[in-house]
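One structure is given below, encoded as C-alpha cells.
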2 protein chains.
Amino acid sequence: MSERKKNIEGTRPGIVADLQPSDDQSAIVRKLGAISLLSQEEIDFLEGLQNNTLAIAAGTDFITDGNDLRTTFIMMEGWAKRYVLLPSGRRQILSYVLPGDILGLHVNFRSKATYSAAALTDCKVAVVDPRRMLEISQKFPVLAAGLSWCTAREFAILGDQAVRLGRLGAQQRIAHLLLELRSRMRLIGETNGEWLDFPMTQADLADTLGLSIVHVNRQLMDLRQRKIITLERDHVHLDDVKALSEMSHFDFEHLAEFQI
Amino acid sequence: MSERKKNIEGTRPGIVADLQPSDDQSAIVRKLGAISLLSQEEIDFLEGLQNNTLAIAAGTDFITDGNDLRTTFIMMEGWAKRYVLLPSGRRQILSYVLPGDILGLHVNFRSKATYSAAALTDCKVAVVDPRRMLEISQKFPVLAAGLSWCTAREFAILGDQAVRLGRLGAQQRIAHLLLELRSRMRLIGETNGEWLDFPMTQADLADTLGLSIVHVNRQLMDLRQRKIITLERDHVHLDDVKALSEMSHFDFEHLAEFQI
DNA sequence: CGGCCAATTGATTAAACTCAATCTGCGTGG
DNA sequence: CCACGCAGATTGAGTTTAATCAATTGGCCG
C-alpha cells in the first residue's frame with residue numbers, strides 16, 4: 001500500500017477515496033498525465049528518472065538558502081515547505097511542495113538556492129541530475145512541454161501567493177490558500193471528497209499568509225464556527241467550497257486542471 | 001541616440017552615466033552577457049530574434065489576464081507592469097518588467113495568460129515565436145543556460161515580492177523594492193550613479209506593495225525628509241543605500257550580479 | 001507525571017486603512 | 001495668453017484590522 005493511500009485511510013478509516021488513480025504511477029506521471037497523453041516510453045523515462053530516492057523525515061531541512069544547489073528534486077510522496085528566513089528572525093513561507101512538484105528545475109552551474117526547504121511530513125524525494133532534465137527537451141517534446149507547463153504553473157501559484165498577501169484580508173487569505181491546495185491535490189488525485197491533507201501548523205500558516213499566529217487561530221475558529229471548514233489533526237474538510245470561493249475571489253480557471 | 005540614453009540625459013542634464021555599456025547591443029544581450037561570455041554567433045542569434053518589434057505607448061495593456069497568450073515578448077526599451085485585477089476591483093502588481101526581461105517564455109499550446117501587462121513608459125517590445133525560444137536549447141547551450149538563469153531569477157524576484165508583502169513593514173517594503181530595482185537596472189547598465197528611472201505612480205507603488213496610496217505617500221515623505229531618497233518626476237535618487245539595505249534586510253547576494 | 005509543542009483566549013497597542021479635502025503641474029481649448 | 005480640467009500628490013482626522021503581550025489549555029511522549 002502506498003504511503004499516500006495509507007495516510008488518508010489511516011486518518012479517515014472507512015472512507016474510500018472517490019477518485020483513485022492507479023497507485024503504481026508516480027505523482028509526476030499522474031500530474032503530467034492529467035494534462036497530456038503520455039506514451040509508455042515517456043512514462044518509463046519519467047519513472048526511470050526517479051530511481052534514486054531519498055527518505056526525508058518530517059521537520060528536516062533539505063535545501064538551505066544561500067547554499068549551492070546543483071540537484072533537481074522531484075517530490076514523490078509527502079509535503080514540504082519552501083521558505084526564507086530574514087535577519088530579523090521572521091519567516092516567510094513562499095509555497096508548499098506537493099507530490100509531483102519539482103524543485104530546482106532551473107538550477108545553473110553556479111547557482112545558489114534562494115530559499116530553504118523543509119519536509120512537513122515524512123517525504124520520499126527523487127534526486128535527479130539536472131542534466132537529465134535537459135535531456136528531456138531533446139528527446140521527449142511532449143515531456144518538455146509538460147515541464148514548461150509546470151514552470152508556468154509555479155509562476156501562477158507564486159503570483160496567487162502575492163495576491164493573497166497584498167490584496168486579501170486575513171480570512172480571505174486562508175480561504176484562497178485552501179482552494180489552491182484543493183486544486184493542486186485534485187490534479188494529482190490525492191483528495192478524498194472534500195478532505196485534504198493539512199500537515200502544517202498554525203505557525204506555518206501564519207508565516208505563509210503574512211499574519212500572526214493568534215490572528216490565524218481566530219480566523220480559523222470563525223470559519224469552523226460558521227461551518228465552512230472542519231479541522232482535524234493533519235486534515236481539513238471544506239464543508240462549503242462555494243462560500244470559500246466567494247469570499248476569496250478564487251479563480252478556478254486560473255490553475256485550471258485541463259483534462260485532455 | 002538610444003531611447004534609454006536620451007531618457008536619462010534628458011532628465012538629468014550634465015550628469016554622465018558612470019557605467020555606459022555599448023549602446024548598440026540590445027538589453028537582453030547586455031543582460032546575458034553580464035553573466036556569461038557570449039560568442040558573436042550567440043549575440044547575432046539574440047539580436048536576430050528581436051527583428052520583429054512593436055512600439056507600445058505608455059498606459060497601453062498588451063497582455064490580458066485570461067486571454068490566449070501564444071507569443072513570447074522581450075522587453076527592449078521601457079518599463080511595464082505585470083498585474084492582476086480582482087473582482088472586488090482591487091489590483092495587485094506582481095512585478096515590473098525591465099529592459100532585457102522576457103514575458104511568456106513558458107507559454108504552451110493551450111496556455112492562457114494568468115496576468116495582465118501594461119506599459120508604464122513608451123516601450124519597444126520584440127515579438128518572438130515561442131518555438132524560436134525552444135530552438136535555443138537545441139542549438140545554443142550557453143544561451144539555454146542563460147534563459148534558465150533568467151527563469152530562476154524571475155522566481156527569486158517574485159519570491160522577494162512575497163517576502164516584502166508578507167513580512168516587511170510599509171517603509172521596509174519601499175526600501176526593499178527600490179534596492180531590487182537598483183540591482184536589476186545595474187545589471188543591464190541602465191543606472192546613472194544612484195539615479196534610477198522611476199516611472200510608476202504612487203498608486204502603482206501602493207498596488208505593488210499591498211498598501212494604500214495615502215500610506216505610501218506618507219512613508220515616501222518620511223524617507224525624503226530623512227534624506228534617504230530624493231524623488232523627482234520619473235526618477236529617484238538613492239541618497240543612502242546603506243540605510244535602505246539595513247532597514248529592509250535586502251540581500252545583495254540574492255540577486256547577485258555574477259560577473260564572469 | 002513532567003515537559004513540550006501546538007492551540008486557544010483575553011486585553012491592549014500599533015500599523016495601516018478609509019474618507020475627505022486640498023494642492024500642484026501640465027496640457028488644452030477658447 | 002489664460003481659465004479649466006485632470007491626474008497625481010499631499011494632508012488631516014477618525015476607524016479598522018491585525019499585531020503584541022500574556023496566560024492558559026490540550027495532547028502526546030518519554
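Everything numeric here is computed off the predicted structure, so don't read it as measured data. By convention in this document, chain letters (A, B, ...) are assigned in the order of the sequence lines, proteins followed by strands, and residues within each chain are numbered from 1. Values below: every heavy atom of this structure, side chains too, minus hydrogens, waters and symmetry copies.
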is_close_aromatic(A/H235, A/F198), centroid dist under 6.0 Å = no
Assess the pair A/F155 and B/F155: is the distance between their ring centroids shorter than 6.0 Å?
->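 Between A/F155 and B/F155, the centre distance is under 6.0 Å.
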Only pairs at least two apart or in different chains count here, so list each side chain to side chain donor-acceptor pair (under 3.5 Å) that has a residue in residues 55-65 of chain B.
-> B/D61-B/Y83
Are any of the side-chain nitrogens in [X] or [Y] under 4.0 Å away from the carboxylate oxygens of its partner?
X      : Y      : answer
A/K112 : B/E253 : no
B/R182 : B/E194 : yes
B/E190 : B/R184 : no

Which residues share a side-chain contact (heavy atoms from CB on, under 4.5 Å) with A/Q171, sequence neighbours left out |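 A/Q171: side-chain contact (heavy atoms from CB on, under 4.5 Å) contacts with A/Q219, A/D222, A/L223, A/R226, A/M247.
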Test item: B/I229 and B/D240 side chains (from C-beta on) under 4.5 Å apart, heavy atoms = no
For B/R173, which contact category applies under a 4.0 Å heavy-atom criterion: base, sugar-phosphate, or nothing?
-> nothing
For A/R167, answer base if it contacts any base atom (sugar-phosphate contacts may also be present), sugar-phosphate if it contacts only those atoms, and nothing otherwise; contact means non-hydrogen atoms under 4.0 Å.
-> nothing
Heavy-atom contact window of chain B on DNA chain D, given 5' to 3' at under 4.0 Å |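 The contact span of chain B on DNA chain D goes from D/dG8 to D/dA13.
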By side-chain hydrogen bond (donor to acceptor under 3.5 Å, both in side chains), which residues pair with [X], not counting sequence neighbours?
X      : value
A/D160 : A/H254
A/K81  : A/D204
A/R224 : none

Have a look at the helix from C/dC1-D/dG30 to C/dG30-D/dC1 and give the angle its two end axes make, five pairs each, rounded to 10 degrees.
-> 30°
Measure the distance from CG on A/L223 to P on C/dT8 and round it to the nearest whole Å.
-> 12 Å
Whole angstrom is fine here: how far is it from CD in B/Q171 over to P in C/dA15?
->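 Taking atom P of C/dA15 as the reference, CD of B/Q171 is at 12 Å.
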Looking only at side chains, do B/R82 and B/S95 share a donor and an acceptor under 3.5 Å apart?
-> yes
Before giving the answer on side-chain contact (heavy atoms from CB on, under 4.5 Å), spell out for A/Q161 and B/L165 the whole-Å C-alpha distance, their side-chain angles and the decisive distance to 0.1 Å.
-> CA-CA 10 Å; A/Q161 168 75 342; B/L165 290 168; over 6 Å; no
Any protein N or O atoms within reach of nucleotides 22-27 of chain C? Criterion: under 3.5 Å, listing atom names and distances.
none

Taking only heavy atoms on the protein side, list every residue of residues 174-181 of chain A lying under 4.0 Å from any atom of DNA chain C, sorted numerically.
-> none
Kindly state which residues belonging to residues 206-222 of chain B come within less than 4.0 angstrom of DNA chain D, counting heavy atoms of the residue only, listed by number.
->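 Nucleic-acid contacts, sorted: B/V214, B/N217, B/R218, B/M221.
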Listed by chain and number, what are the ring pair (Phe, Tyr, Trp, His ring centres under 6.0 Å) partners of B/F62, not counting sequence neighbours?
->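 Partners of B/F62 by the ring pair (Phe, Tyr, Trp, His ring centres under 6.0 Å) criterion, ordered by chain and then number, come out as B/F73.
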Restricting to pairs with a member in residues 206-217 of chain B, which pass salt bridge (Lys or Arg N to Asp or Glu O under 4.0 Å), not counting sequence neighbours?
-> A/R167-B/D207, B/R91-B/D207
